[in-house]
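None of the values given here were measured: they were computed from a predicted structure. Sequence lines set the chain letters: A, B, ... in the order given, protein chains first and strands last, and positions in each chain run from 1.
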2 protein chains.
Amino acid sequence: MTTVLIVDDQPLQRYGFRMLLDSVPGTEVVGEAAHGAEAVRMAAQMRPDVVLMDVRMPGMDGIEATRRIVAAGDRSRVLVLTTFDIDEYVYAALRAGASGFLLKDARPEELLAGIRAVAAGDAVIAPTLTRRLLQEFARLVPPAADGSAQDSRLASLTEREREILVAIGKGWSNSEIAGHFVLAESTVKTHVGRVLSKIEARDRIQAVIFAYDHGLARPHAG
Amino acid sequence: MTTVLIVDDQPLQRYGFRMLLDSVPGTEVVGEAAHGAEAVRMAAQMRPDVVLMDVRMPGMDGIEATRRIVAAGDRSRVLVLTTFDIDEYVYAALRAGASGFLLKDARPEELLAGIRAVAAGDAVIAPTLTRRLLQEFARLVPPAADGSAQDSRLASLTEREREILVAIGKGWSNSEIAGHFVLAESTVKTHVGRVLSKIEARDRIQAVIFAYDHGLARPHAG
DNA sequence: GTGCAGGTGGTACCGAGGTACTACGGCCCT
DNA sequence: AGGGCCGTAGTACCTCGGTACCACCTGCAC
């Protein structure tokens, strides 16, 4: 039995979802919340398998509520619903830890399948959104992560020079690089100079940017 | 009628797919290819709606073939199939322009639904992979793109200082920044100095890295 | 062998970058 | 009227990075 918590500020919408879920065996609506704060409280109390979460709500919105429910770590998975496929919502929801993202105009079977998948630990995305998400994803994944065409400038570097470039990308000074590779600083300068000329960078700063753009350096924010 | 090209190096596998697709109305198998090069040639010739592409193949693999078919721009969409859910394949396939990614152990209905969705212009991903893809995606989307916790160091910057930091992140020199904002270079130095001290960076290089890590600068590789 | 590429090291020089101040006008808040 | 904060600008000084050379060694190819 999959337990579900319905979160939506519109009573009629909640009623519709409840009717749908009650009509099929295997799912049980264990509660309804009208806004984010109530959703967080009820989720903590009843620990439903799946939280059916509306994004647009007065007060605490669905994204923030999702973040808190996921952070609570009660194993509840959140399936976010929205009327329109507004991109920022999608990204924010996924970052918040949502397990799925569906449009409210989904067919009942799709919604039920989504709930089952989420309860099983899988993730679901509305097919319409998937395409855009994939495009965005492809844009984000750095070129170096696959076998696609490498920049000829990068290819012209020797093994050592690539190592030096990675070190530059980490923000290391010449003396730090010298220390790390056990080299004289003058040697490092020679290497750095060659790297800069090969990748057509005027300073090591441009080299750092080059390294990020080509996936040799990776963000590690947090 | 959805036209399909089957690409797989194993004859038996191709036979299975053909039997499945022939058994349902609405799809028509217009050809079979045993390796990447043949797939590219046949796709260009027959312009199928959907190419059912195996990843693992001798010679040109499915990824490279996908890249070329998509690059040809013949409106053929590629649905990639793999036996195992190996991550690099997924990312590489998506970057190559695949419209979907399914596992070979998918149920027939799933495969058919996938083909129909891809033909309709949507994208599909195996539910099992979706979860990991979403995690990866959430990791890649920079913190600045949603409303999550900002670095206090970033918050301590004034409006002007943030502008200066963005400029530093673009790799601009002090004099370039001065020119762009119509300032004296000495003023820029003052700002830069304050930015470095506030974000606890010893160099402008560390500042560039900080900018990338916090989403103030974005890669634009090509 | 001769020649070339890559890695290592050195010297000399100069300009950009960074630090450490000071200073002043415009705001807003009290 | 005074005190902050912010943006602007300046001077002085020193370090680091980058350039332009040259030199030597190793290994590999012809």
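- Every residue two or more places apart in sequence or in another chain that forms a side chain to side chain donor-acceptor pair (under 3.5 Å) with A:Ser175 is listed here: A:Ser173.
- Applying the side chain to side chain donor-acceptor pair (under 3.5 Å) criterion to B:Arg202, with sequence neighbours excluded, gives A:Glu176.
- Partners of A:Asp203 under the side chain to side chain donor-acceptor pair (under 3.5 Å) rule, at least two apart in sequence or in another chain, do not exist in this structure.
- The side chain to side chain donor-acceptor pair (under 3.5 Å) test applied to A:Arg160 returns A:Glu163, not counting sequence neighbours.
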When the side chains of residues 178-190 of chain A are checked against the rest of the protein, which donor-acceptor pairs come out under 3.5 Å, sequence neighbours left out?
residue, atom, partner, partner atom, Å
A:Thr190, OG1, A:Ser186, O, 2.9

Contact list (N/O, under 3.5 angstrom) for nucleotides 25-29 of chain D vs protein:
none

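- The side chain to side chain contact (heavy atoms under 4.5 Å, CB included) check on A:Arg77 picks up A:Arg75, A:Ser99, A:Val118, with sequence neighbours excluded.
- Residues in residues 45-55 of chain B take part in these salt bridge (charged side-chain N to carboxylate O under 4.0 Å, His left out) pairs, two or more places apart or across chains: B:Arg47-B:Asp74, B:Asp54-B:Lys104.
- Under the rule for a ring pair (Phe, Tyr, Trp, His ring centres under 6.0 Å), the partners of B:Phe210 that lie at least two apart in sequence or sit in another chain are B:His214.
- B:Asn174 has a side-chain polar atom (N or O) that falls below the 4.0 Å cut-off from OP1 or OP2 of C:dG17.
- Between A:Leu157 atom CG and C:dA5 atom P there is a gap of 16 Å when expressed in whole angstrom units.
- Computed from coordinates, the A:Glu163 CD to C:dG7 P distance equals 9 Å when rounded to whole Å.
- End-to-end axis angle of the helix from C:dG1-D:dC30 to C:dT30-D:dA1, from C1' rotation axes over five pairs per end: 40° (rounded to 10 degrees).
- Look at CD1 on B:Ile164: it is 8 Å from P on D:dT8, rounded to the nearest Å.
- Annotation: side chain of A:Tyr212 is in contact with side chain of B:Asp213 (closest heavy-atom distance under 4.5 Å).
- Sorted by residue number, the members of residues 177-208 of chain B with any non-hydrogen atom under 4.0 Å from DNA chain C read B:Lys189, B:Val192, B:Asp203, B:Arg204.
- With sequence neighbours excluded, the residues forming a side chain to side chain contact (heavy atoms under 4.5 Å, CB included) with B:Val40 are B:Met60, B:Ala65, B:Arg68, B:Ile69, listed by chain and number.
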